[in-house]
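Here the structure is laid out as structure tokens; the discussion comes afterwards.
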Amino acid sequence: MKNTRFLDTIAGKPVDATPVWLMRQAGRYLPEYRATRAKAGSFMGLATNPELACEVTLQPLDRYDLDAAILFSDILTVPDAMGLGLSFAEGEGPRFARPVRTAADIAKLAVPDIGSELRYVTDAVSLIRRELDGRVPLIGFSGSPWTLACYMVEGGGSDNFARIKSLALNEPKLMHRLLEVVTDSVIAYLAAQRAAGAQALMVFDTWGGVLAPHTYREFSLRYLQRIAAELPRGDGEANTPLILFGKGNAPYLEELAASGAEGLGVDWLVSLEEARRRTGGKVALQGNLDPVTLYAEPDTIRAEVARVLASYGHGSGHVFNLGHGMSPDMNPEHVKVLVDAVHELSRPYHA
């Protein structure tokens with residue numbers, strides 16, 4: 001590895017500067033991404049083509065001094081492989097042709113054959129790892145069981161998640177049956193990405209924060225803990241670290257830090273100072289700049305980067321990132337300002 005900052009930080013080793021990568025760093029804000037997507041013909045055409053997925057994964061690394069690459073894919077590949085019929089309409093979010101809403105629907109679900117149904121993902125991981133040639137580490141990922149179930153039951157995005165919350169409240173045993181098969185699938189999927197060459201793994205619990213505390217612990221946290229406990233990822237120098245990220249996860253930092261995961265991604269609604277104090281060094285922290293900061297002027301971006309770095313303070317254990325993903329209308333030049341500022345302004349914290 002030519003650049004080990006990211007992996008060293010997750011392992012708690014000293015580094016010369018805080019590493020930085022950005023959620024959705026390969027995406028629609030880049031003109032070169034839009035050109036490649038046009039060539040692919042559709043989002044899924046791009047995501048299911050290993051060569052094009054590799055191309056867009058590497059595009060931000062050619063522009064910016066990032067410390068990690070993240071596989072270009074989508075969290076909904078797993079339920080798609082379960083036969084739910086995923087599609088993306090232009091200008092709209094994802095849709096499933098066959099949502100899961102009854103006991104009979106759930107009974108039909110099985111862990112997909114990763115080697116065939118999701119071969120395009122593992123092929124992309126292997127290709128990206130080869131093309132990176134040790135430049136930076138490669139992160140693989142999956143959606144969390146709860147977040148995937150949200151899309152599977154709602155049939156797409158939702159304003160209030162009424163269908164899945166009703167299922168959880170009215171038929172908790174059925175809800176757990178759904179979450180069990182999704183969790184088994186996520187573990188198999190992440191293990192396959194690791195075998196294909198991913199050097200770190202991340203779980204995105206995008207919709208965990210919509211749950212009340214008692215339902216979060218029952219229907220989201222329980223399955224994140226299971227992933228952290230059961231996902232094989234090696235020991236010592238061979239360890240492939242797992243990072244758990246959730247929007248709205250601040251109330252549960254202590255429990256997430258005790259899960260056995262190596263890293264914890266946090267959004268911008270909690271300070272890194274507080275998150276560091278509450279997690280007590282059990283995990284590396286990743287985050288947590290509000291993504292809308294990238295709409296601000298360059299001097300403001302630098303000031304906000306400085307504020308986030310100061311909030312974490314001295315020493316290793318912090319991976320700089322946004323508190324959620326980038327948006328399509330963000331200015332690519334502002335991303336460069338952010339990345340360069342992280343490296344420049346963080347060095348005194350590692351001296």
Side-chain angles (χ1 to χ4, degrees), residues 6 19-38 40 42-44 46-48 52-78 86 88 90-94 121 124-125 128 136-144 147-148 151 157 193 198 200-209 243-249 263 265-268 286-296 301 304-305 308 319-339 342:
F6 170 76
V20 56
W21 70 275
L22 305 173
M23 287 186 266
R24 295 200 202 122
Q25 67 188 23
R28 290 174 289 170
Y29 73 102
L30 290 175
E32 54 267 43
Y33 168 88
R34 294 194 293 271
T36 306
R37 188 189 185 282
S42 68
F43 176 83
M44 286 305 289
L46 177 54
T48 57
L52 296 182
C54 176
E55 185 178 313
V56 295
T57 297
L58 298 180
Q59 283 170 352
L61 300 176
D62 294 333
R63 273 188 180 253
Y64 313 118
D65 186 21
L66 295 159
D67 295 293
I70 184 165
L71 163 72
F72 177 81
S73 186
D74 192 86
I75 64 169
L76 299 181
T77 52
V78 169
L86 177 64
F88 289 84
E90 192 64 42
E92 298 179 18
V121 176
V125 170
I128 296 162
V136 294
L138 173 61
I139 304 168
F141 71 91
S142 171
S144 74
T147 292
L148 296 182
Y151 288 100
Q193 290 184 46
L201 299 166
M202 189 154 168
V203 174
F204 289 96
D205 190 28
T206 309
W207 299 124
I243 302 168
L244 303 177
F245 168 78
K247 277 178 72 179
N249 65 1
V266 294
D267 67 17
W268 61 95
Q286 181 173 277
N288 68 337
L289 184 72
D290 185 340
V292 301
T293 306
L294 283 167
Y295 294 116
I301 294 170
E304 285 299 295
V305 167
V308 170
V319 175
F320 198 103
N321 209 314
L322 304 175
H324 197 238
M326 298 179 63
S327 298
D329 58 347
M330 287 173 169
N331 185 339
E333 292 306 312
H334 287 193
V335 178
K336 185 176 189 326
V337 170
L338 185 153
V339 172
V342 171

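Sequence positions, counted from 1, serve as the residue numbers for this chain.
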Test your reading of the model: is there a side-chain donor-acceptor pair from Asn321 to the backbone of Trp21, 3.5 Å cut-off? yes
Correct closest heavy-atom pair for Ala69 and Leu61 would be CB-CD1, 3.7 Å
Report the distance from atom CZ of Phe43 to atom CG of Leu86, rounding to the nearest 0.5 Å. 8.5 Å
Can you tell me how far apart NE2 (His334) and CD1 (Ile301) are? Round to the nearest 0.5 Å. 5.0 Å
Whether the side chain of Asp267 engages the backbone of Gly248 through a donor-acceptor N/O pair (distance < 3.5 Å, no angle test) should be reported. yes
Under the side chain to side chain contact (heavy atoms under 4.5 Å, CB included) rule, collect the residues that match up with Asp329, sequence neighbours excluded. Tyr295, Ser327
Report the C-alpha separation of Lys336 and Val339 in whole Å, then their side-chain angles, then the decisive distance to 0.1 Å, and conclude whether the side chain to side chain contact (heavy atoms under 4.5 Å, CB included) test is met. CA-CA 5 Å; Lys336 185 176 189 326; Val339 172; 5.9 Å; no
Considering all heavy atoms of both residues, which atom of Pro332 and which atom of Leu30 are nearest to each other, and what is their separation? CB-CD2, 4.3 Å
Nearest heavy-atom pair of Leu322 and Met23: which atoms, and what distance? O-CE, 3.1 Å
Residue pair Phe6, Gln286: steps toward the side chain to side chain contact (heavy atoms under 4.5 Å, CB included) verdict: CA-CA 10 Å; Phe6 170 76; Gln286 181 173 277; 4.0 Å; yes
Rounded distance (nearest 0.5 Å) linking atom CD1 of Ile75 with atom CZ of Phe204: 8.5 Å
Indicate yes or no for a side-chain donor-acceptor contact from Thr293 to the backbone of Asp290 under 3.5 Å, with no hydrogens or angles considered. yes
Taking side chain as C-beta onward, heavy atoms only, is Tyr33 less than 4.5 Å from Leu46? yes
Let me confirm one number: the OG1-CG distance from Thr77 to Leu148, rounded to the nearest 0.5 Å. 8.0 Å
Please check if atom CZ in Arg63 has more than 12 non-hydrogen atoms from other residues, nucleotides or ligands closer than 6.0 Å. yes
Please check this pair: side chain of Gln193 against backbone of Val121, looking for a donor-acceptor N/O pair closer than 3.5 Å. no
Short side-chain to backbone donor-acceptor contact, Asn249 and Gly208, under 3.5 Å: no
Not counting sequence neighbours, which residues clear salt bridge (charged side-chain N to carboxylate O under 4.0 Å, His left out) with Arg34? List them please. none
With a 4.5 Å limit on heavy-atom distance, are the side chains of Leu138 and Val125 in contact? yes
Main-chain N/O of Leu71 paired with Thr57 side-chain donor or acceptor, under 3.5 Å: no
Under the side chain to side chain contact (heavy atoms under 4.5 Å, CB included) rule, what do Leu289 and Leu294 come out as? Steps first, then yes or no, please. CA-CA 9 Å; Leu289 184 72; Leu294 283 167; 5.5 Å; no
Mind checking whether Phe88 and Ser42 have side chains closer than 4.5 Å, heavy atoms only? no
Under a 4.5 Å cut-off applied to non-hydrogen side-chain atoms, are Asp62 and Glu32 in contact? no
Step-by-step side chain to side chain contact (heavy atoms under 4.5 Å, CB included) determination, Val319 to Ile243: CA-CA 11 Å; Val319 175; Ile243 302 168; 6.0 Å; no
I want to check something: taking the side chain as every heavy atom from C-beta on, are Val20 and Leu338 in contact at a cut-off of under 4.5 Å? yes
May I ask you to decide if the ring planes of Tyr64 and Tyr29 are parallel, tilted or perpendicular, using 30° and 60° as cut-offs? parallel
Which atom pair, heavy atoms only, marks the closest approach of Gln25 to Ala68? NE2-O, 3.0 Å
Identify the two heavy atoms, one from Gly323 and one from Pro291, that lie closest to each other, and give their separation to 0.1 Å. N-CD, 4.2 Å
Whether His324 and Phe245 hold their rings parallel, tilted or perpendicular, with breakpoints at 30° and 60°: parallel
The single option from Val305, Val308, Val337 that satisfies side chain to side chain contact (heavy atoms under 4.5 Å, CB included) with Val342 is Val305
Closest non-hydrogen contact found for Thr48 with Met44 is OG1-O, 2.6 Å
Would you compute the distance between atom CE of Met202 and atom OG of Ser144 and round it to the nearest 0.5 angstrom? 11.5 Å
Interatomic distance, CG@Leu52 vs CZ@Arg37, rounded to 0.5 Å, equals 12.0 Å
